[in-house]
Each structure stands twice: as structure tokens, then as C-alpha cells.
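Reading through the C-alpha cells given below for one structure.
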Amino acid sequence: MSASVLNLTPVAPAIGAVIHDIDLNRIDGETQAAIRQALLDYQVVFFRNQKLPAHAQAALARQFGSLHIHPIFPSVAGVPEVIVLDSHLLDLRDNELWHTDVTFSRTPPLGCVLQAIKIPPTGGDTLWASGTAAFKALDPALQQKLKGLTAQHDIRLSFPQERFARDEAEQAKLDAIFAKNPPVTHPVVRTHPETGEPVLFVSEGFTDRINELPEAESRELLDFLTRHAVKPEFTLRWQWQEGDVAIWDNRCTQHKALFDYGDAHRIMHRATINGDAPYFRETGAAA
Ligand SMILES: O=C(O)CCC(=O)C(=O)O
Ligand SMILES: [Fe+2]
């Protein structure tokens with residue numbers, strides 16, 4: 001089913017659409033297929049006025065694949081697949097780094113379903129950037145060079161011990177998590193497994209170094225690429241209302257949650273859909 005049957009409004013030229021007139025508590029197979037197509041077309045889709053109980057949010061996410069349990073973030077009681085990002089309970093500053101979720105894993109998530117539970121009176125917007133738009137805009141010679149490169153992604157970059165280990169017990173827990181999640185290698189350009197499109201797949205949040213280059217050159221290229229990837233023309237900025245749900249394709253996007261609301265209270269619930277190991281294939285043919 002094509003996404004055109006949905007009542008949908010694009011958010012920004014490169015990325016994002018709002019899908020209207022849908023109650024995510026009850027969607028049939030046809031609507032689900034249309035949402036899936038919209039996700040491929042727009043990379044992030046938004047739904048207003050939802051208010052999904054945690055088990056319903058998990059059930060919705062499960063329609064896209066099996067669900068991921070996060071090694072660090074806490075979850076809703078009885079629903080381990082739905083993590084709780086509560087500004088009064090967690091130090092959320094690191095979500096301000098532009099990142100693609102969980103790329104410290106060999107098989108980073110396919111996507112996520114994020115719901116706004118409590119939103120500050122002002123601030124707390126989230127930005128998304130399109131990795132396909134960013135790749136397309138690069139100089140062809142650089143595109144070619146990047147296709148041969150791989151990069152290391154490291155959990156430590158976004159979960160620094162000064163914020164996630166405040167005492168010895170937390171430190172021991174964090175050390176065990178780090179030991180279980182050593183740095184992994186991903187292609188710098190990945191082929192989207194469904195669209196076949198090349199995606200720039202590095203982010204400030206988790207990408208540590210480019211394996212094939214000397215340290216200084218790696219740093220310079222990564223700094224350039226992570227800045228390029230989030231130029232305003234590849235991004236959108238979403239101003240949340242409580243009950244909003246966002247679903248994003250985590251294979252071709254990165255995002256950043258602004259932490260500009262001081263002590264105000266902001267709570268988000270996220271269900272994370274398991275994905276596959278990224279790869280690059282020159283033909284761009286879907287797997
Ligand atoms: O709080 C947000 O808006 C997004 C946080 C984040 O990075 C995520 O849920 O993956
Ligand atoms: Fe995230």
C-alpha cells in the first residue's frame with residue numbers, strides 16, 4: 001500500500017512528515033503498511049494527540065520488529081522494552097549530542113517509537129537530520145573516498161562515567177556494561193537495506209575514529225562529516241506537545257534532544273526496534 005492514502009504533511013524539505021487522523025492504539029495492517037512506507041519516504045513521522053499506554057507503545061513498535069532492551073536507560077515498570085527518559089531522574093545532557101541510537105551495537109536499531117509524556121512549558125525540542133540528504137550533498141570525489149572507509153563506534157562517548165557512575169556501585173555496573181559493549185566497526189557510508197540508498201553513517205555521539213586513517217586525519221574528517229551531516233537544510237526541528245509520537249528510521253537519520261529547559265520536567269518514553277548489521281554495497285541494491 002502506498003503512503004499516499006495517508007493524510008500527511010511534510011515537515012521540512014529533506015526530512016519528516018506529520019501523519020494526521022490516526023489513532024495509534026488501533027491501526028489495521030493496511031495502515032501499518034502505509035506508515036512503514038511513509039517512514040521510508042520521510043525518515044521520521046509524527047502523530048499528534050496519541051497518549052499510548054506503555055504496553056500499547058511496545059505493541060506498536062513490535063509491529064516493525066523485535067524490541068531492544070537498553071543496557072543503561074531505566075524502563076517503565078513491567079514494560080522493559082519502553083525506556084523512560086525523565087529529566088528529573090537522569091542526566092540527559094548527552095542526548096544533546098547529535099547521534100544515531102545505539103550504534104555502539106553491531107546491529108543498531110532499525111527505528112524507534114518515541115512518545116512525549118511530559119513537556120516543559122518552553123524548550124525541549126528534538127532535531128532530526130537525514131543521512132541520505134547529507135550524503136547526496138557531498139562532493140562526488142569525497143563520496144567515493146568515504147565508501148571505502150569504516151569507523152569505530154563507542155558507547156563511552158555518550159555515557160561518560162562522570163554522569164552515569166556517581167558512586168562505586170554505579171561505576172562497577174558501568175564498567176560491566178562497557179566490557180560487554182566494546183567498540184564496534186561500521187561502514188562510514190551504509191546502504192539502506194530497504195531503499196538501497198547510500199547514507200552517511202557517522203555521528204558525534206558515538207563515532208570515535210575512522211579505522212583506515214591516521215588519528216589526526218581521522219579526527220579532521222570526522223569533525224567535518226559530523227558538522228556537515230547536521231546542516232540546517234538536512235534537518236527538522238520538532239516542537240513537542242504531550243501525547244505526540246515520533247517514529248524514526250534509525251538506519252538513515254540522527255537526532256539531538258535540546259536540553260534548554262533547566263529544571264523543568266520533561267519525560268519521554270521510547271521503544272527501540274532491533275535492526276541489522278550495517279553494510280555498504282556499491283550497486284545500492286536492496287538486500
Ligand atoms: O528526548 C528526546 O527527545 C530524544 C532523546 C533521544 O535521543 C532518544 O530517545 O533516542
Ligand atoms: Fe537518541
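All ligand and atom numbering here is 1-based and tracks the order in the structure. Computed from a predicted model, the values in this text were never measured in an experiment.
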Query raised in the report: Does the ring centre of W128 sit less than 6.0 Å away from the ring centre of F46?
Result: yes
Requested in this report: Would you mind running through ligand 1 and noting each atom that sits below 4.0 Å from a heavy atom of A257?
Outcome: 1 (O), 2 (C), 3 (O), 4 (C), 5 (C)
**Report entry** Proximal candidate to atom 4 (C) of ligand 1 [heavy atom criterion; set L258, N95, V113, L114]
**Finding:** L114
Query raised in the report: For R219, does the CZ atom sit with more than 12 other heavy atoms under 6.0 Å from it, leaving out its own atoms?
Result: yes
Query raised in the report: Going by the order shown, which atoms of ligand 1 are within less than 4.0 Å of some heavy atom of M268?
Result: 1 (O), 3 (O)
Report task. Verify the ring-centre separation between W98 and H255: is it less than 6.0 angstrom? Result -> no
Report summary line: Counting from 1 in the order shown, the ligand 1 atoms closer than 4.0 Å to a non-hydrogen atom of D101 are 10 (O)
Query raised in the report: When you look for heavy atoms under 4.0 Å from ligand 1, do you find them on the side chain of W98, its backbone, both, or neither?
Result: neither
Report summary line: To atom 3 (O) of ligand 1, the nearest of I83, T272, T126 on a heavy-atom basis is T126
Report task. Please work out which of the three classes, parallel, tilted or perpendicular, describes the rings of F164 and F73, given edges at 30° and 60°. Result -> perpendicular
Report task. For residues H70 and F159, establish whether the separation of their ring centroids is below 6.0 Å. Result -> yes
Query raised in the report: Does E81 pair with R62 as a salt bridge, N-O distance under 4.0 Å?
Result: yes
Query raised in the report: What protein heavy atom sits nearest atom 6 (C) of ligand 1, and how far off is it?
Result: H255 NE2, 3.6 Å
Query raised in the report: How far is atom 10 (O) of ligand 1 from its nearest protein heavy atom, and which residue and atom name does that atom have?
Result: R270 NH1, 2.6 Å
Report task. Assess R266 for proximity to ligand 1: is some non-hydrogen atom of it under 4.0 Å away? Result -> yes
Report task. Consider ligand 1: state whether an atom of it lies below 4.0 angstrom from any non-hydrogen atom of F259. Result -> no
**Report entry** Atoms (protein N, O or S; no water) under 2.8 Å from the Fe ion (ligand 2)
**Finding:** 3
**Report entry** Modelled atom types, side-chain donor and acceptor of R270 and T272, under 3.5 Å
**Finding:** yes
Report task. Report the distance from atom CG of D94 to atom CZ of F206, rounding to the nearest 0.5 Å. Result -> 9.0 Å
Requested in this report: Compute both the distance and the angle, then confirm whether R190 meets the cation-pi test with F201: under 6.0 Å from the six-membered ring centre, within 45 degrees of the axis.
Outcome: yes
**Report entry** Spacing of L221 atom CG and I210 atom CD1 [to the nearest 0.5 Å]
**Finding:** 4.0 Å
Query raised in the report: Do the two ring centres, one from F47 and one from H20, sit under 6.0 Å apart?
Result: no
